[in-house]
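A quick write-up on the structure given underneath.
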Amino acid sequence: MGMPFVVLMPIFAARVLHGGPHTLGFLMGAMASVRSSPRCRWRRARACEACAHDSIAAAVFGLGLIGFGLSRVFWLSMIMVAIAAWA
């Protein structure tokens with residue numbers, strides 16, 4: 001769908017979460033761990049079969065990005081990034 005928000009991840013990690021390379025690594029790892037899970041891959045493959053599931057996935061992706069953009073706490077940011085990556 002759209003993953004251009006990854007370009008802004010270093011700025012978000014440094015200026016909003018006041019972290020460094022480790023913070024960026026954890027945020028990127030949260031996305032990768034969700035995407036590489038076989039269970040989530042299976043769910044994603046099944047979700048692509050119907051248009052209704054695609055619209056739900058788009059809504060979950062959007063809500064995950066909104067939550068990530070509004071969060072100022074590291075653990076909440078990791079959860080929101082994982083939700084956006086899953087969708």
Discussion item. Going by the rule side-chain contact (heavy atoms from CB on, under 4.5 Å), which residues pair with Leu24 if we only count those two or more places apart in sequence or in a different chain?
Written reply: Met9, Pro10, Ala13, Met28

Worksheet item: With clusters built from Ile, Leu, Val, Met, Phe, Trp and Tyr whose side-chain heavy atoms come within less than 4.5 Å, directly or transitively, what are the remaining members of the cluster of Ile11, listed by chain and number?
Response: Leu8

Discussion item. For a 4.5 angstrom cut-off between non-hydrogen side-chain atoms, does Ile83 reach Leu63?
Written reply: no

Discussion item. Restricting to side-chain contact (heavy atoms from CB on, under 4.5 Å), what partner residues turn up for Ile66, sequence neighbours left out?
Written reply: Leu70

Discussion item. Which label fits Phe68 and Phe12: parallel for a plane angle under 30°, tilted from 30 to 60°, or perpendicular past 60°?
Written reply: tilted

Item to complete: Answer with yes or no whether the hydrophobic clustering places Met78 together with Leu76; edges join I, L, V, M, F, W, Y residues whose side-chain heavy atoms lie under 4.5 Å apart.
Response: yes

Item to complete: Quick one: which residue pairs count as a side-chain hydrogen bond (donor to acceptor under 3.5 Å, both in side chains) with a foot in residues 7-31, not counting sequence neighbours?
Response: none

Fill in: Shortest non-hydrogen contact from Val34 toward Trp86
CG1-CB, 3.4 Å

Fill in: Ser71: side-chain hydrogen bond (donor to acceptor under 3.5 Å, both in side chains) partners, not counting sequence neighbours
Ser77

Discussion item. Testing the basics here: between Gly67 and Met80, what is the closest heavy-atom pair and its distance to 0.1 Å?
Written reply: C-CG, 3.5 Å

Worksheet item: What is the minimum heavy-atom distance between Val81 and Leu27, and which atoms define it?
Response: CG1-O, 3.7 Å

Discussion item. Just checking Phe26: does its CZ atom have more than 12 heavy atoms from other residues, nucleotides or ligands closer to it than 6.0 angstrom?
Written reply: no

